[in-house]
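Okay, so here's the structure we're looking at.
For clarity, every value in this text was computed on a predicted model and none was experimentally measured. Heavy-atom basis, side chains included; hydrogens, waters and symmetry copies ignored.
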Amino acid sequence: MAAIRYIRNDKGSEGVEKTYNPSQVENRWYSEWTNRKLFAADEHADKPKYSIVIPPPNVTGALHMGHALNDTIQDVLIRWKKMSGFEALWMPGTDHAGIATQAVVERRVFETEKKNRHDLGRKALVQRIWEWKDEYEARITGQLKKLGCACDWDRQRFTLDETCSRAVRETFYGLFKKGLIYRGKRLVNWDTHLQTAVADDEIFYETVKGNMWYFRYPLADGNGYLPVATTRPETILGDTAVAVHPEDERYRDFIGKMVKVPFVDREIPVIADPILVDPAFGTGCVKVTPAHDPNDYQTGLRHKLPMINILTDTGDINENGGPFSGMPRYVCREKLVEGLEKLGLLERVDPYETQVGHSDRSKTPIEPYLSDQWFVKMGDLAERAMGAVRDGKVKFYPARYAKSYLDWLGEKRDWCISRQLWWGHQIPIWYCDTCSEQDLINAFGAGDNVSWTRAEDTWLICARDGDLGSDALGSSHELRRDPDVLDTWFSSALWPHATLGWPKQTESLKAFYPTSVLVTNRDIISLWVARMVITGQENLGVEPFQDVYIHATVMDGKGQRMSKSKGNGVDPLDIIEKYGADALRYTMASLSSDNQDARLPVRPEKQSDGRMINVSEKFELGRNFANKLWNASRFLLGNIDQSLKFTSLPEDLKAEDLWILSRLNRTAEAVNQALENYRLSEVCHLLYDFTWKDFCDWYVELKKSDLYQSDDHQRKENALNTSSYVLGSILKMLHPVMPFLTEELWMHVRKRVSYEKVIDSEYIMQATYPVADSTRIDEAIELRFASLQEIITALRTIRAENNITPDKKGRAIVIPVDDEQAEWLKSQADVINGFGRLSETIVDRNADKPGFAGQGIVRGTQVYLLLEGLIDPEVEIGRLEKEIEKTRKLVKGTEKRLNNSGFVDKAPKAVVDKEKEKYEGLLLNLQKLEKSLEAFKQ
RNA sequence: GGGCGCAUGGCUCAGCUGGUUAGAGCGCCGCGUUCACAUCGCGGAGACCGCUGGUUCGAAUCCAGCUGCGCCCACCA
């Protein structure tokens with residue numbers, strides 16, 4: 001039966017199926033777009049430029065819905081700008097994500113081969129990671145393509161590729177030469193199991209049941225002791241001071257005296273430090289171990305204390321541990337406590353729960369560990385980057401995020417850029433302990449490719465490019481390369497210009513730098529956004545983007561941030577499989593408001609082939625919308641005869657044509673403005689309402705009488721003409737959000753319609769984006785239409801509430817407020833008849849109010865539905881009473897306002913006048929309703 | 001602990017510079033096979049806009065406090 005209907009409905013529109021089938025359409029169009037190189041941006045094009053660099057996804061794993069939102073937004077912007085006359089570049093790429101990627105690969109190698117990285121060796125491990133990278137980069141790229149992203153794939157970059165590496169080296173060299181990169185000590189989070197430093201965000205805290213040990217620090221002169229509490233007794237071996245609060249009466253006299261560290265017999269001072277010590281906590285005395293505790297480290301810096309490392313790389317006690325040397329640290333802890341007890345120094349032990357940092361990778365406790373690291377001096381760089389936002393050169397949307405940026409930069413904390421990893425850009429520093437500066441000058445003095453500086457025990461030599469090699473200074477002076485790599489963010493920070501070829505002055509760089517907007521998440525404002533501004537200013541003297549659009553963070557149904565590491569990520573491919581890419585895009589875009597979070601509840605669903613995928617009814621919004629547009633198009637196209645060719649709108653436009661054109665242009669205006677301000681959810685709602693409500697529910701329905709019931713050929717043709725015009729505009733406006741569907745429909749439209757200004761390109765993605773023609777916007781006709789719609793709705797309500805079946809036709813009497821309204825409604829009597837299922841509509845200002853009829857009042861116009869015998873008086877009385885009550889409330893409200901002298905005196909005249917007008921109208925309505933109720937009750 | 005944000009019908013969210021009869025989608029209820037669409041049409045019910053104060057002629061909207069939640073940053077010897 002469906003087949004029969006299909007054939008009957010589908011006059012001449014071959015191949016347009018009844019429901020939109022996304023999967024068939026999507027792959028076909030994507031390959032078509034890429035084959036035709038429609039995503040390629042030409043740096044030589046004689047057009048204004050627009051560019052976006054993708055926030056490069058980490059190659060740690062596949063993309064989730066958070067990325068899908070991020071990429072949808074960018075694609076909408078890119079496609080919109082392309083259609084708006086810009087040469088738009090969307091630069092794709094991925095990030096090597098140092099620690100995270102090395103960690104996943106190390107873990108996998110360990111699981112499958114029971115080998116750690118030392119077993120494998122640097123070269124082999126890095127090789128494995130490259131293989132992983134290739135696999136996931138391909139997967140990510142595939143996901144982006146499925147999403148429909150209009151990336152210029154020929155330009156795809158990777159943060160570790162040749163081009164990016166060149167930029168990293170150039171930047172490092174430049175900063176080093178200026179003295180902005182230096183070597184220093186820093187406490188790192190040491191993973192004793194993997195023997196590597198881990199990043200702060202790779203640490204999870206776990207509550208561990210431990211003890212608080214209270215013991216005595218004996219004074220060196222033998223006269224008494226200081227009570228100290230600790231959760232890590234073994235660190236006593238590295239203590240270099242005991243601190244008290246300067247105003248603590250109990251210990252004031254001890255300040256400046258010396259105490260003796262048990263077991264190693266080191267004498268250390270008692271110092272006063274108001275920052276470290278909280279007199280109310282513990283004993284009020286704090287042992288200070290600068291080499292193994294972040295706070296103590298800071299204290300150590302303040303007081304210039306020695307920093308004694310007591311651990312080996314594997315977490316055992318080193319040669320500084322006296323009798324405990326060689327013990328694993330937890331064994332040492334036990335033995336040391338026993339020792340304290342034997343010495344009579346242990347006071348008591350309390351059970352105590354502490355938050356202990358654990359490595360996310362090895363799940364073992366991390367140890368703060370002092371080591372040599374490389375830093376970037378942030379002072380001046382940060383100040384300049386702050387200036388960019390303060391001066392408005394870089395603008396945040398929403399503006400509140402500027403604060404995150406400024407606050408973080410304001411701390412001006414030096415940036416630790418070295419990581420004890422193998423996966424990443426190896427630091428371009430070589431050490432030479434034995435040579436003289438003259439040796440360096442002899443070897444590297446010519447040109448500007450090597451720079452050096454003296455450290456206490458060695459030369460620090462930085463090469464601009466390439467590998468210096470171990471014997472560049474001859475066989476007598478060995479060069480050693482620093483084994484560490486750079487923080488991932490060091491290369492990410494260069495992304496906007498590195499991807500365009502910098503330091504080469506490429507045409508691409510000239511054309512597309514600075515980029516137009518950065519679209520990203522709020523949690524990397526400091527890590528990434530701020531650093532891009534810094535390097536952009538430093539390397540090119542120009543900020544890397546004008547706008548920063550921070551979009552919502554996608555949360556799961558429980559309100560947890562969706563992330564790869566949490567494992568709660570939802571694969572966009574699941575959603576695409578179930579609902580289609582356009583549905584995904586539309587739904588995600590409509591979620592993209594100024595809010596900072598977007599919840600996305602999903603549930604697993606078994607597919608017919610047994611696979612489980614994640615689905616969410618939220619995407620039905622987008623799927624249904626796609627289907628609606630599909631069917632509206634199918635309907636119109638099915639009615640257009642092959643022989644018709646429209647080249648311009650008809651001469652004599654009817655009222656509904658003027659109305660839909662006004663609505664269309666108003667929508668185009670609002671949509672462009674919303675896009676300009678990154679208000680994508682607004683864009684979606686505007687287009688949804690215009691398409692579904694204005695166009696489908698009213699306009700197309702209105703035109704059906706022309707199509708079905710008219711013998712007038714011209715009328716029919718005009719109806720199709722105007723409808724196609726509007727449809728074409730809808731497709732274009734919607735294309736950035738729903739690219740596949742609109743491209744597919746565009747193809748069908750083009751077969752039948754050829755407007756010069758609307759159907760103006762072979763591919764919709766190259767067509768011109770509609771802009772508002774303000775001469776088409778007609779306030780008056782929209783108001784008239786609104787009243788017509790409300791009258792029809794009033795009639796429909798009466799019918800529905802009284803359970804009047806569609807087959808029963810009634811008559812209506814409409815009593816308008818004035819002659820103009822009367823004339824308008826008379827001209828639309830057929831419409832009212834059709835939409836209200838009426839045999840007749842009498843529009844007459846002087847008509848008598850019918851005695852028995854369903855009633856509504858719309859903007860003062862009285863609407864009566866005469867259906868003697870069909871209307872239940874009880875129902876009508878109920879309706880009227882409710883209506884009256886509602887109106888009374890409103891009357892009371894406005895009355896109160898108008899009686900308030902404060903309002904009348906102080907509010908703007910326009911507001912007061914409007915209120916008065918409203919009041920009079922409401923009173924009139926109330927009178928009429930009350931009269932009707934009276935009549936009914938008789 | 002510091003910062004930012006959120007709290008609007010059962011659910012997910014709009015409501016941008018204070019003046020709206022507080023909206024939408026889903027869900028719910030009723031009716032509906034006239035040939036675009038049941039992934040649909042028509043109609044309806046459902047909200048003291050977290051709480052308490054304040055500013056104002058007027059507050060969902062601005063301010064303060066409180067409560068609950070989320071995120072980021074820093075973290076306790």
Sugar-phosphate only, base, or nothing, as touched by A:Thr797 at under 4.0 Å among non-hydrogen atoms: sugar-phosphate
Any A:Val288 side-chain heavy atom under 4.5 Å of A:Val242 side chain: no
Inter-nucleotide C1' distance (B:C40, B:U52), Å rounded: 48 Å
Proximal nucleotide (of B:C13, B:A45, B:G19) relative to the A:Pro908 side chain: B:G19
Sugar-phosphate, base or nothing in reach of A:Glu617, heavy atoms under 4.0 Å: sugar-phosphate
Watson-Crick or G-U wobble partner of B:U56, both distances under 3.5 Å: none
Closest-nucleotide ordering on RNA chain B, the 5'-leading residue of A:Tyr688 and A:Ala907: A:Ala907
Distance between P atoms of B:G65 and B:G19 (Å, rounded): 25 Å
B:C57 versus B:C48 - spacing of their C1' atoms, nearest Å: 23 Å
Any A:Trp692 side-chain nitrogen or oxygen under 4.0 Å from OP1 or OP2 of B:G41: yes
Sugar-phosphate only, base, or nothing, as touched by A:Glu701 at under 4.0 Å among non-hydrogen atoms: base
Sugar-phosphate, base or nothing in reach of A:Arg859, heavy atoms under 4.0 Å: nothing
Short side-chain N/O contact from A:Lys693 to OP1 or OP2 of B:G25, under 4.0 Å: yes
Short N-O contact, A:Lys716 and A:Asp706, less than 4.0 angstrom: no
Spacing of CZ belonging to A:Arg522 relative to CG belonging to A:Asp597, to within rounding of 0.5 Å: 5.0 Å
Residue whose nearest RNA chain B nucleotide is more 5′ - A:Cys285 or A:Asn627: A:Asn627
Atom pair distance, as rounded to whole Å: NE2 in A:His292 and C1' in B:C76: 19 Å
Sugar-phosphate, base or nothing in reach of A:Val904, heavy atoms under 4.0 Å: nothing
Length of the line joining A:Arg679:CZ and B:U17:P, which is rounded to integer Å: 9 Å
Separation of B:U34 P from A:Leu702 CG (nearest whole Å): 20 Å
Counter-base of B:C48, judged by Watson-Crick or G-U geometry with both distances under 3.5 Å: none
Pairwise P distance, B:C16 and B:A38 [rounded to whole Å]: 37 Å
Sugar-phosphate only, base, or nothing, as touched by A:Arg897 at under 4.0 Å among non-hydrogen atoms: sugar-phosphate
A:Tyr217 and A:Phe215 aromatic ring geometry - parallel, tilted or perpendicular at 30°/60° bounds: tilted
Geometric class of the A:Tyr678/A:Tyr549 ring pair [parallel <30°, tilted 30-60°, perpendicular >60°]: parallel
From B:C13, B:C72, B:U39, nucleotide with atom closest to A:Arg623 side chain: B:U39
Rounded distance (Å) that lies between atom C1' of B:G3 and atom OH of A:Tyr405: 18 Å
Sugar-phosphate, base or nothing in reach of A:Leu636, heavy atoms under 4.0 Å: nothing
Sugar-phosphate, base or nothing in reach of A:Asp697, heavy atoms under 4.0 Å: sugar-phosphate
Sugar-phosphate only, base, or nothing, as touched by A:Asn295 at under 4.0 Å among non-hydrogen atoms: sugar-phosphate
Nearest-Å distance once atom C1' is located in both B:G58 and B:U20: 13 Å
Gap in Å between the two C1' atoms, one belonging to B:U39 and one to B:G44, rounded: 23 Å
Distance in Å, A:Leu731 CG paired with A:His748 NE2, rounded so as to fall on 0.5 Å steps: 11.0 Å
side-chain N/O A:Arg400 vs B:C71 OP1/OP2, d < 4.0 Å: no
A:Asn803 side chain, from C-beta outward: closest of B:G44, B:C31, B:C13: B:C31
Rounded distance in Å - CG (A:Leu795) to C1' (B:G41): 17 Å
Sugar-phosphate, base or nothing in reach of A:Lys882, heavy atoms under 4.0 Å: sugar-phosphate
Residue-phosphate contact under 4.0 Å: A:Arg799 side-chain N/O, B:G32 OP1/OP2: no
Complementary nucleotide for B:U17 - Watson-Crick or wobble, under 3.5 Å: none
OP1 or OP2 of B:C40 under 4.0 Å from side-chain N/O of A:Asn624: yes
Pair partner, B:C11 [Watson-Crick or wobble, under 3.5 Å]: B:G25
Over 12 non-hydrogen atoms of neighbours within 6.0 angstrom of CD in A:Glu411: yes
Sugar-phosphate, base or nothing in reach of A:Ala243, heavy atoms under 4.0 Å: nothing
Distance, rounded to the nearest Å, where A:Lys896 contributes NZ and B:G19 contributes P: 18 Å
Short side-chain donor-acceptor distance under 3.5 Å, A:Thr299 and A:Arg302: yes
Nucleotide of B:G43, B:C37, B:U21 approaching A:Ala800 most closely (side-chain heavy atoms): B:G43
Pair partner, B:C71 [Watson-Crick or wobble, under 3.5 Å]: B:G3
N or O in side chain of A:Ser404 less than 4.0 angstrom from B:C73 OP1/OP2: no
Phosphate contact (B:G43 OP1 or OP2) by A:Thr793 side-chain N/O below 4.0 Å: yes
Between C1' of B:C75 and CZ of A:Arg413, the distance in whole Å: 12 Å
Gap in Å between the two C1' atoms, one belonging to B:G5 and one to B:C13, rounded: 16 Å
Nucleotide nearest A:Thr231 (side chain, heavy atoms from C-beta), chosen from B:U21, B:C57, B:A77: B:A77
Nearest-angstrom distance, C1' atom, B:G9 to B:G25: 13 Å
CG on A:Leu591 to CG on A:Leu600, rounded to 0.5 Å: 6.5 Å
Selection from B:U21, B:C76, B:G25 that lies nearest to any side-chain heavy atom of A:Leu621: B:G25
N or O in side chain of A:Lys914 less than 4.0 angstrom from B:U20 OP1/OP2: no
Nucleotide B:C75, atom C1' - distance to CG of A:Asp293 in whole Å: 11 Å
Under 3.5 Å donor-acceptor pair, A:Lys403 side-chain atoms to B:C4 base atoms: no
Sub-6.0 Å ring centroid separation between A:Tyr579 and A:Phe619: yes
